[in-house]
Each structure stands twice: as structure tokens, then as C-alpha cells.
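Here the structure is laid out as C-alpha cells; the discussion comes afterwards.
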Amino acid sequence: MKFNIWSILKIFAYAAIILFFLFPIAWILNMSFMTNDEILRKVPVLFYEPTLKNYIGIWEGEISIPGFATMYIYFKQNLINSAILSSFSVALTLVLGVPAAYAFARYKFKGGEDIAFTLLSFRFAPALLIIIPLNLYFTQIGLYDSYIALIWVYQLITLPLLLWIVRGYFEDISPDIEYAYRLDGHSWFQSFWKISIPLAKPGIAAASLLCFIYAWNNFVFALILGSSAIQPVTVGALAFITASAIPYGLIACGIVVSVLPTLILALFIQKYLVQGLSLGAIKG
Amino acid sequence: MSYIKLESISKSFKDDKVIQGLNAEINKGEFFVIFGPSGSGKTVLLRLLSGILLPDSGEIKMENAVINDLHPEERDVSMAFQNFALYPHMKAYENIASPLKANNISQDEIDSKVKEIANLLKIDHVLNQYPKELSNGQKQRTSLARSLVNRPSVVLLDDPLRNVDAKIRFEMRLELPKVLKEFNTTVIYISQDYREAMALADRIAVLYDGKFNDIDLPKNIYEKPSSLTTAKLFGDPTINNFNAVISKNENRVIAECNGEKIILQRKTSIENGECIVGIRPEDINLSNQQTEESLKVEFRTKTPLNLRIVFLVKLSNGLELLCSMSEEEAKNIKEKEQLYVSFKEDKCLFFDAITKRNLE
């Protein structure tokens, strides 16, 4: 490799970008092993004795910070809620969205494009626009403060996303391959199950992961439509900020713990994700 | 007895009438080639037969039963696609086994049948490979194997040799009839290469603009095409044709074209008057010797084509003719000297000047 001024500048530029994006994450990880006193020092310490107190506190739901009263937190329940809400939302989206995406890709029916676009348009509308009426409806029909209500509303986020990504994948599969399978003597459903779905698998995997992340990160729906019993981590994290204290270590620890599941999932599906984002968008 | 019967089949896509009232009868065990230029509706017709598309009107009958409404999987029909349509996520073996699996056949039997057909088509060494690892020729054989493995009563082949290179195409042209004979199945084969059609077919149906121009034996279609359109589709270089006024005289026909009188040694029943005369390039004699009927021509150019030499010559009235001959014969032609043409006896065709139908 030839070293000139540009290549050196380029290395610096990359380093700056990496630092810019990764430093906050690294710092949060760092903070999660510190006590509040260490975090709140005027001159940040680089060397300290790491503590697992924050993690234990989150696990046990009880933490006492010197100088303040003992805090009770339900973060573990929030995590469980997040997991329930996100997984069931994605599952429901898969059940509804994959066949719908197939239908939009394969069959030209009256109003088909309009329906597909309407579904996409849910992604444009700000959540706040619909949240008050939804709150009223759900209170009336008795769904307020239930997992079902949130999973239902999360479909507004996840369904259009999956539909449009997976649709592109189905469109890329030559219909002849499906016809060939049917001519072999298999039914329509078998050709959908054995041919179309496996061939669209990268797209479905990538879209599911994105849906999971979007569902996991949602804040406003859960804030308004449920009580603390069903609220996910995004809302649960608010409980850390109290009148008496802001336990930064605990917050950092909460962030680390709540990022972890999506991170692990992303690493797991990573190879599909990169392929999925590029393949579905560009049609040959 | 006809096995498959098409009765006024029509199919349109919006305003585009792709198939317009087709009638045909295909016999059991026949090798039936549907020939036509691209865009003539061949693939659509095959898809109607397979059940992928449904006709707008008309009936498709198999053994006298109407099968219009049967789904592809309910028809005893298999198909090899022009683009192979192999399942990319399955190995060649599973691709070929797919029709057998649909029929609940035991694993042992599947195994022996797949191996048998793979052996026959010489792809037994690639059964464990995925389609993307196969060459085009192997893909095409895999696709053929898949369509034959279940011994269907009808095999539809959509121009299967189109996407393979010339060497494999030639090999397969020799091999395919042999393989298909073993299966004793009715074959409906699409082609847009007239040589392939003539080499393979028991009968050829010429599809043009959604209609069958001719359905006949290959020899008849070449020698007695029903119309100028068919005559032009069969033959390379294409048939010479020119407008002329015909007058009969004993055993001879005189075709007058732009002041030039061309004498044709031929008996015919057609009436005197204007028509289109067609003569194939190989049916024109070109020489340096003048005879009683020959006409003076001017040499324009020559080019080799499929081991023959094609000459382009011009009559004194401006009419240009193509004539072809073997390389041996071409050696005797001295282009620098005066050239003469005459038409071989009984070889020319007469078409109606307006309808372009064969007048005989």
C-alpha cells in the first residue's frame, strides 16, 4: 500500500468516525461497571475497580445508593415485557405479512397497489397522531393495558416494513420456478411453502430482525397504552429518574442490558441482514 | 385417434390477442413441434396446455375430457422450461426427485428412478450439486430429467435447447428423440429454429400471429408451404419471392416480372394472372453457360453459409435473387465472367398476390 498524505488523512477520518459512533457505547459500557460516585467525579477516572452492583441491582429490583433512599425498580419485568411484545409482534407480522407480501408480489388485483401503499403510509404517520383515539378505543373495548393491545398496535410499525421488504424478494423469484413445482404435482400451498418461502428466506430473516428492532425500540405506544405491568424497557427506563436521584450507573447498566438482546439477534442474523438490505432493494 | 385436442382456443392479455382460435389434434406418442418466430404466442400456448394460464375461450381436451379448469398439478403433464426453472435451493437430485415425491413413492423407488434417468441423460455425476454449480448443458439435462422422471403422458418442452451452446444443442438434437422414444410419451416441443423443428418433429405446427398457418409433416411444410409466410420462415437463406404475371404454355409457365420473361419448367393448375413466385435459393441454377431458358445476371456478392455458398445476383430488370450451392459447385463459378440463372424443374411455388396463400 502506498502511503501518501491522502491515505493518511483517510485513516484519520475513519478513526474519527469510528470514535464518534463507538465512543458513547463504550463509555456507557464503562459506566455500567462504575458506582455513582465514580461517575459523578469532576475529573473522570480511567482506572477504577469495576463493580457488578448495578447489574445485581437490576436483577434483584432493589438498589441502595449511598446518601439516598433505596430504589425499587421493575426493570427485569420490563425486559420480559419487551421480549414478549417484540417476539409476539414479529411472529404475528410473519403470519400476516409473508402471505400478504406474496399476494402483492404475485397477483395483480384491483386496488392491490392502493392497499399496499396505504399499509406503507402507516409508516409516515406520526404515532402521536393516532395514539389518543387509540387510547380511547382500547379503554372502551377493554384492551387497555394488555399485551394484545400493544402487539396489535405494533403491527402498524412492523407489518408495513416486513411487507415491503419481503414483497421485493418474492418479486425477484421467477414465477416459473413455482409453476415448475406445481407441474411436478405439488399443490399451490406446497409450492408456496417449499419453494417461495425458502427462496425468500434471507429477506424474511432480515425483515424480521428489522421488525424486532423497531418493535423493541418503540416508546410512545407503550407509554400511553399500558401501565407499568406491561411496559417495555424503553418506558421502564424512565423509572430510573426520580426526584431524589439520577443513578447514572444504573441507567447505563439498563441500557447495556436492553441493547444486548437485539445485538445478539443482529449478530446471529447478520449475514442475512446485509444481503437482505441490498438484495431486496435492487432488482436485476 | 387424437390424444390432445385444441378447439378454438383463444387467449388475450388486455387488448393483445396472443392466441386466436387455435384448432389442433395431437396424437398419442407423437413428437409435435410448435414452430414460430418470437412473439408468435408459442410459450403462451404451452402455458395454456400446462394449466399455468387459462384460455379465454375454447376447449382443451385430453383423451376426450375437457381439462380447461384443471390446475397444473392435476394434469398429467410435465414441462421443461426455456430458462430451466430449477429449484436453486435443492440439489440436482432433489430437483429430479420432486415429481416423484409429489406422488408418495417410496424412497427406494425414487432413488432408482432418479438414478435411471440421470444415467440416461448423463448427469449421474452431478446429482449432488446445486443448480448454480451446474453448467448450462447440465442444467438443461437436469430440467429435462425432472420433466421425464415420472413418465408423464405428455411432456411440454419450451425451447429447451435455446439457452445452451451450439455444441450441446447439436448433441441434444441427436440424443433427445432417442431418449423420448424410450419413454413413449407425447411430446409437444417449442422451437424457433426451423432446422431443429424439421430434425425432431413427426409433425410441425407453424404458429404465426397467434394462428396456426400449417400443421403438417416437416417435408410437406418445407416443400408445399400453405403460405408465403410459412415459406419464408422455413429456409436459410430465406426463399426468393417476386411479383409476376403468369401465363401458361404447354408444359411451361412464363412468369413476367418487370419486363423480364422467366421460363419455369413446371406444370400447374393455377390460372393466368398476377401472383407471387417463390423459389428457394438451392433451387436456382447458377452457371457461366447459357441455356435456352436461362437469364443473364450480374454478380453482386457471395458469402459462405452452413457449408454452402450463397450468391447474390441481379437480373437485368433489377430483381435480386439469392442462390446457394455446395462449395464444390461454387468452385466452378467464374464470377468475373457472364453468369446465367435458370430455375430447377418443378421447384417454384405460386402464392396469391394479396392473401399470400399457396395457390396449389
Side-chain angles (χ1 to χ4, degrees), chain A residues 94 98-99 101-103 105-113 165-166 168-208 269 271-273 275-276 278-280 282-284, chain B residues 13-14 43 46-53 70-90 94-105 110 114 130-132 139 142-160 163:
Chain A
L94 283 172
V98 172
Y102 183 80
R106 277 288 177 269
Y107 303 102
K108 299 286 159 250
F109 47 92
K110 209 175 170 196
E113 282 306 309
I165 294 176
V166 175
Y169 271 83
F170 282 133
E171 279 171 353
D172 284 348
I173 303 169
S174 160
D176 281 354
I177 296 178
E178 291 165 20
Y179 291 139
Y181 202 64
R182 291 190 65 191
L183 279 162
D184 285 350
H186 303 275
S187 67
W188 171 85
F189 184 75
Q190 282 171 317
S191 91
F192 175 65
W193 192 249
K194 290 278 173 63
I195 301 293
S196 316
I197 293 213
L199 289 179
K201 207 163 66 185
I204 295 171
S208 311
I269 315 187
K271 60 174 185 209
Y272 290 122
L273 188 68
Q275 198 191 7
S278 56
L279 247 172
I282 305 155
K283 288 214 292 176
Chain B
F13 296 100
K14 294 200 175 134
T43 296
L46 212 60
R47 278 159 192 245
L48 291 172
L49 286 167
S50 65
I52 294 171
L53 294 172
L70 293 187
H71 292 295
E73 63 268 26
E74 293 162 341
R75 303 184 181 193
D76 188 11
V77 161
S78 77
M79 181 159 166
F81 289 76
Q82 189 186 312
N83 56 11
F84 313 132
L86 297 173
Y87 316 129
H89 57 307
M90 295 184 194
E94 293 160 78
N95 266 282
I96 299 171
S98 164
L100 299 170
K101 284 189 176 148
N103 286 357
N104 291 326
I105 295 171
I110 289 177
V114 170
Y130 285 98
K132 65 172 184 220
K139 279 183 198 166
T142 309
S143 149
L144 272 173
R146 185 178 66 189
S147 63
L148 291 171
V149 70
N150 210 15
R151 297 182 177 265
S153 30
V154 180
V155 182
L156 309 173
L157 303 174
D158 187 356
D159 213 345
N163 288 341

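Naming: A, B, ... by sequence-line order, numbering from 1 per chain.
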Expected output: side-chain Y87(B) to main-chain I195(A) donor-acceptor under 3.5 Å
no

Side chain from CB out, backbone as N, CA, C, O: work out which of these in R47(B) comes under 4.5 Å of a heavy atom of chain A, or both, or neither.
side chain

More than 12 non-hydrogen atoms from neighbouring residues, nucleotides or ligands closer than 6.0 Å to NZ on K108(A), yes or no?
yes

Using a cut-off of under 4.5 Å for heavy-atom pairs, which of N150(B), N83(B), N103(B) has the most such pairs with chain A?
N83(B)

Please report the shortest heavy-atom distance between E73(B) and S187(A), naming the atom on each side.
OE2-CA, 3.6 Å

Examine whether an atom of L86(B) lies under 4.5 Å from a heavy atom of chain A, and if so say whether it belongs to the side chain, the backbone or both; otherwise answer neither.
backbone

Does some side-chain heavy atom of P175(A) sit less than 4.5 Å from a side-chain heavy atom of I52(B)?
no

Quick one: closest heavy-atom pair of A180(A) and A85(B), and the distance?
CB-O, 3.8 Å

Within the supplied structure, the quantity of interest is the number of heavy atoms (other residues, nucleotides, ligands) at a distance under 6.0 Å from W188(A) CH2; does it exceed 12?
yes

Consider only side-chain N and O atoms of H186(A) and S98(B), and report whether a donor and an acceptor are under 3.5 Å apart.
yes

If I take atom CD1 from residue I177(A) and atom CZ from residue F81(B), how far apart are they, to the nearest 0.5 angstrom?
9.5 Å

Taking all non-hydrogen atoms of both residues into account, name the closest pair between L183(A) and S50(B) and its distance.
CD2-O, 3.6 Å

d(Y181(A) OH, K101(B) NZ) to nearest 0.5 Å is 8.0 Å

Rounded distance (nearest 0.5 Å) linking atom CZ of R75(B) with atom CZ of R182(A)
10.5 Å

